[in-house]
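Convention: sequence-line order gives letters A, B, ...; per-chain numbering from 1.
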Number of protein chains: 2
Amino acid sequence: MIPPAETLPKDSSAPKKGVRQTEQRKAVFEALMAKADHPNAVDVFMRVKSRMPSISLATVYNCLETLTNAGLVRTVNHDREPSRYCANLTEHAHLFCTNCNSITDLPLQNPMLPEQVWNLPPGITIARQEVAFQGLCAQCSTPDPASGSAPSAPLS
Amino acid sequence: MIPPAETLPKDSSAPKKGVRQTEQRKAVFEALMAKADHPNAVDVFMRVKSRMPSISLATVYNCLETLTNAGLVRTVNHDREPSRYCANLTEHAHLFCTNCNSITDLPLQNPMLPEQVWNLPPGITIARQEVAFQGLCAQCSTPDPASGSAPSAPLS
DNA sequence: TCCTTATCAAGAATTATTCCAATTAAGGGA
DNA sequence: TCCCTTAATTGGAATAATTCTTGATAAGGA
């Protein structure tokens, strides 16, 4: 369920009455909530389409943008790969696994201001911070011996 | 001048003899060294073309990729904007100014270890860390009163 | 219920980047 | 120095993620 409009963050560019609740938006949002695996737009499209066959990819893009603008969804970009989406709104960093291409959310230990963590030059204004790691997720770091194989070659 | 091959980081996928020194690669590298303003591929193309009119955009892309693979250049991505390039190899974060679209390098003089700031689950392997901020650069944070105007509207 | 207006769907368009094939040139060896 | 092998360069075509366009549809307030 998409949170009601009154609870949404407001800004001058947002529609006065909040996000209009359409079946498509609900389905897209629920698809993101159902599996927190950072799907891209096509992934979301396929998941939603299995339940709502008439939905179009353009609509999925529209819904994802609307939800992102409303602050309900985060867009996650890595290099020039297709954007991926995440309904985890808590402050967290991302680990991009170079082996299996997964994204892991890494929660912040204790809320800290950027100025406390980084040695920032004076005079700048920081609105948002984004931290990304590259490496191996837990699964790829310690492959299951029973599976009989080392991590496969990284996706290039 | 591109550093000689012997000084380049080596890895199994790199050509044995290092990076072949072509006029185009030198020109692209020098364009990046000349102005540390994080140009994108088309910016670099235009700068180099003014001096070497025969160069093609495809070659600029090739050179940028070669230099990046050789570890001489860093690729900087922000959302889905065109990739930008940076010859500053010191460890630093980036500030993306939402007003003037500039990128500022922020040296991380006392970077905290990821484990101190992030709640890292056991078993993962971290190879690289990337920190990005969004906000206002020093110029846009404190506009020159003589210029007679507040920061203009952010590029959408 | 009706009306206004935002949203949807399908396909076309856009754009950053990569691919392709023919030509050119780097740089090691004779 | 000249030659030869091999990789790099070019220009144009191709690709792919995303956005745009237009007419049809539906949300939600009156």
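Of the N and O atoms on the side chains of Thr75(A) and Ser83(A), not one donor lies less than 3.5 Å from an acceptor on the other residue. For His38(B) and Asp105(B), the side-chain atoms include at least one donor-acceptor pair closer than 3.5 Å. Side-chain contact annotation: His78(B) with Asn77(A), donor-acceptor N/O pair under 3.5 Å absent.
OP1 or OP2 of dA16(C) has not a single side-chain nitrogen or oxygen of Arg80(A) nearer than 4.0 Å. Taking side-chain N and O atoms only, Ser83(A) has a distance below 4.0 Å to OP1 or OP2 of dT18(D). Within the structure, every side-chain polar atom (N or O) of Thr22(A) is placed at least 4.0 Å from both OP1 and OP2 of dA26(D). Of the side-chain N and O atoms in Gln24(B), none sit less than 4.0 angstrom from OP1 or OP2 of dA26(C). Between Thr59(A) and dC8(C) there is no side-chain polar atom (N or O) within less than 4.0 angstrom of OP1 or OP2.
In this structure, of dA9(C), dT17(C), dC8(C), it is dT17(C) that holds the atom nearest to the side chain of Ala41(B).
One can place CE of Met52(A) at 16 Å from P of dT25(D), the figure rounded to the nearest angstrom. A straight line from CG of Leu64(A) to P of dT18(D) spans 10 Å, rounded to a whole angstrom. Rounding to whole angstrom units, CZ of residue Phe45(A) and C1' of dC8(C) are separated by 13 Å. Across the protein-nucleic acid pair, Glu23(B) atom CD and dA7(D) atom C1' stand 16 Å apart, rounded to whole Å. In this entry the distance linking CG of Asp43(A) with C1' of dA16(D) reads 15 Å, nearest Å. The distance from atom CG of Asp79(A) to atom P of dA17(D) is 15 Å, rounded to the nearest whole Å. The distance from atom CD1 of Ile55(A) to atom P of dA10(C) is 10 Å, rounded to the nearest whole Å. Residue Lys26(A) contributes atom NZ, which lies 15 Å from atom C1' of dC8(C) at whole-angstrom precision.
Taking a cutoff of 4.0 Å between a charged side-chain nitrogen and a carboxylate oxygen, Asp37(A) and Arg47(A) qualify as a salt bridge. Electrostatic pairing of Arg51(B) and Glu30(B) counts as a salt bridge here, judged by a charged N lying under 4.0 Å from a carboxylate O.
Closest approach of Phe45(B) to Leu57(B), counting heavy atoms only: CE1-N, 3.4 Å. Residues Arg25(A) and Arg20(A) approach most closely at NH1-O, 3.1 Å, considering heavy atoms. In terms of heavy atoms, Leu136(B) sits closest to Cys97(B) at CA-SG, 3.9 Å.
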What N/O pairs connect the protein and nucleotides 4-6 of chain C at under 3.5 Å? Give each pair on its own line.
from	atom 1	to	atom 2	distance (Å)
dA6(C)	O4'	Arg20(A)	NH2	3.3

Could you go through nucleotides 18-24 of chain C and list every protein N or O atom that sits under 3.5 Å from one of its N or O atoms, giving the distance for each pair?
none

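Counting any heavy atom pair closer than 4.0 Å across all strands shown, Ser54(B) reaches sugar-phosphate atoms only and no base atom.
Rounded to 10 degrees, the angle separating the terminal helix axes of the helix from dT1(C)-dA30(D) to dA30(C)-dT1(D), each built from five base pairs, is 40°.
Counting heavy atoms from C-beta outward, Leu32(A) and Val44(A) have side chains that approach closer than 4.5 Å. Taking the side chain as every heavy atom from C-beta outward, Leu108(A) and His92(A) never approach each other to under 4.5 Å. Side-chain contact between Glu130(A) and His94(A): absent, with no pair of heavy atoms (C-beta onward) separated by less than 4.5 Å.
In terms of position on DNA chain C, the residue among Asn40(B) and Cys63(A) whose nearest nucleotide sits closer to the 5' end is Cys63(A).
Of the candidates Thr22(B), Leu64(B), Thr59(B), Asn62(B), Leu64(B) is the only one forming a side chain to side chain contact (heavy atoms under 4.5 Å, CB included) with Val28(B).
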